[in-house]
Amino acid sequence: MPELPEVEVTRRSFADRIAGATVQQLAMGKPLRWPLGCDPVQLQGARVHGVSRRGKYLLMHTSHGVLLWHLGMSGSLQFAPALPARGVHDHADLRTDLGVLRLHDPRRFGAVVWCPDLDAPVARKLLGGLGPEPLTDAFDAQAFARALKLKRASIKQVLLAGDLVVGVGNIYCSEALFLAGIRPTCRADRVSVARAVRLHAAIRSVLERALAMGGSTLRDFSNAQGQTGYFQMDAAVYGRAGEPCRACGTPIRQIRQGQRSTFFCPVCQAR
DNA sequence: AGATGTCCCTGGAAGC
DNA sequence: TGCTTCCAGGGACATC
């Protein structure tokens with residue numbers, strides 16, 4: 001379940017190594033979340049300039065356009081000089097003169113999408129509505145607090161929506177709200193400026209910590225040890241329904257918001 | 001227009 | 001033991 005920290009760690013693991021490569025062939029497997037959007041032959045001969053990240057998308061900049069990679073919920077990328085024959089869940093192989101970049105994605109919520117450039121309609125559709133990056137100055141506490149005042153949905157759903165800040169997935173959302181002492185069901189416009197500022201800091205703190213641990217997560221993942229690492233992360237509330245809150249001992253409660261599980265401490269997150 | 005619900009997909013766990 | 005059902009997740013799209 002890659003969230004922003006793992007996507008970033010993934011990026012760092014191959015961006016430098018693939019820069020300067022020339023694409024020989026893009027081989028696609030079973031259909032993914034969205035179609036590639038072009039004939040793979042068009043990418044042959046493209047030179048890879050670099051790989052950046054926007055939210056949970058990886059942007060591979062090439063001489064022939066931008067290739068977007070999304071890991072969905074079960075995707076992982078591997079880049080190596082050579083790889084064994086594709087398995088049943090390997091749905092994209094980008095073969096270059098420097099190695100093969102492979103998307104492994106059992107649940108196929110991921111995607112590889114080609115955009116001629118970042119102004120193209122498909123790029124605008126996928127990237128245009130994204131909010132500020134949480135770990136940059138673009139994510140401003142005061143602006144965040146003001147924006148919350150315009151939203152009536154629950155704070156949990158507003159954070160997940162991705163237009164006020166990107167990269168806060170279901171797991172880190174529960175964790176950040178716990179850290180900030182805010183109940184997930186609280187209406188966003190009823191979060192005071194002071195509490196919004198705390199939440200802003202909590203989001204950064206949770207993501208930065210996960211990013212720092214993401215390295216070990218990814219190594220475990222690529223070593224096929226099984227878990228993706230969220231369970232090594234020692235979550236404060238996520239996945240701990242019924243277990244005692246580490247701060248006050250009250251059993252952690254689990255509810256559903258928008259078809260998704262939310263975890264919180266009813267005492268530490270009183271409102 | 002903003003909020004909410006639905007769907008895509010598959011493997012693993014839980015329930016019968 | 002073997003079947004069925006449920007659940008996890010991000011995000012586009014449909015509906016209210």
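Numbered from 1 within each chain, the chains take letters A, B, ... in sequence-line order. These numbers come from a predicted model, not from an experiment.
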Need one value for A:G169: base, sugar-phosphate or nothing, where a base atom within 4.0 Å counts as base even if backbone is also close, heavy atoms only. sugar-phosphate
N/O (side chain, A:H89) to phosphate O (OP1/OP2, B:dT10) under 4.0 Å: no
Roughly how far, to the nearest 0.5 Å, is the OG1 atom of A:T10 from the CG atom of A:L77? 6.0 Å
Examine A:F144 together with A:F139 and report whether their ring centres are nearer than 6.0 Å. yes
Tell me: CG of A:D163 to C1' of C:dG11, nearest whole Å? 12 Å
From OH of A:Y172 across to P of C:dG10 the rounded distance in Å is 11 Å
Rounded off to whole Å, could you give me the CG-to-C1' distance for the A:D105 and B:dG11 pair? 12 Å
Nearest whole angstrom, please: distance from the P of B:dC9 to the NE2 of A:H91. 12 Å
Is it the case that C:dA12 (base atoms only) and A:R33 (side chain only) share a donor and an acceptor within less than 3.5 Å, ignoring hydrogens and angles? no
Expressed in angstrom and rounded to an integer, what is the separation of A:L58 atom CG from C:dG10 atom P? 16 Å
Starting from the 5' end of DNA chain B, give me the residue, A:Q259 or A:K151, whose nearest nucleotide shows up first. A:K151
Neighbour count >12 (heavy atoms, 6.0 Å) for atom CZ, A:R187: yes
Can you tell me if the side-chain N/O atoms of A:S261 get under 4.0 Å from OP1 or OP2 in C:dA8? yes
How would you label the contact of A:L126 with the nucleic acid (heavy atoms, under 4.0 Å): base, sugar-phosphate, or nothing? sugar-phosphate
Taking CZ from A:R107 and P from C:dC7, how many angstroms apart are they, rounded to a whole number? 14 Å
Taken to the nearest whole Å, CG/A:L71 to C1'/C:dG10 is 11 Å
Let me know, please, whether A:A153 or A:R260 comes out on the 5' side of the other along DNA chain B by nearest nucleotide. A:A153
Rounded to the nearest Å, what distance is computed from the CG atom of residue A:N170 to the P atom of nucleotide C:dG11? 12 Å
Begin with the C-alpha distance, continue with both residues' side-chain angles, and end with the deciding distance and a verdict on side-chain hydrogen bond (donor to acceptor under 3.5 Å, both in side chains) for A:S52 and A:H61. CA-CA 8 Å; A:S52 62; A:H61 307 271; 2.7 Å; yes
Spatial distance of atom CG (A:L103) from atom CG (A:D90) [nearest 0.5 Å]: 8.0 Å
Have a look at A:R187 and say if it touches a base, only the backbone sugar-phosphate, or nothing, with a 4.0 Å heavy-atom cut-off. nothing
So if I take every side-chain heavy atom of A:K125 and compare against C:dC13, C:dG11, B:dC8, which nucleotide ends up nearest? C:dC13
Tell me which nucleotide among C:dA8, B:dG11, C:dA12 gets nearest to the side chain of A:Q254. C:dA8
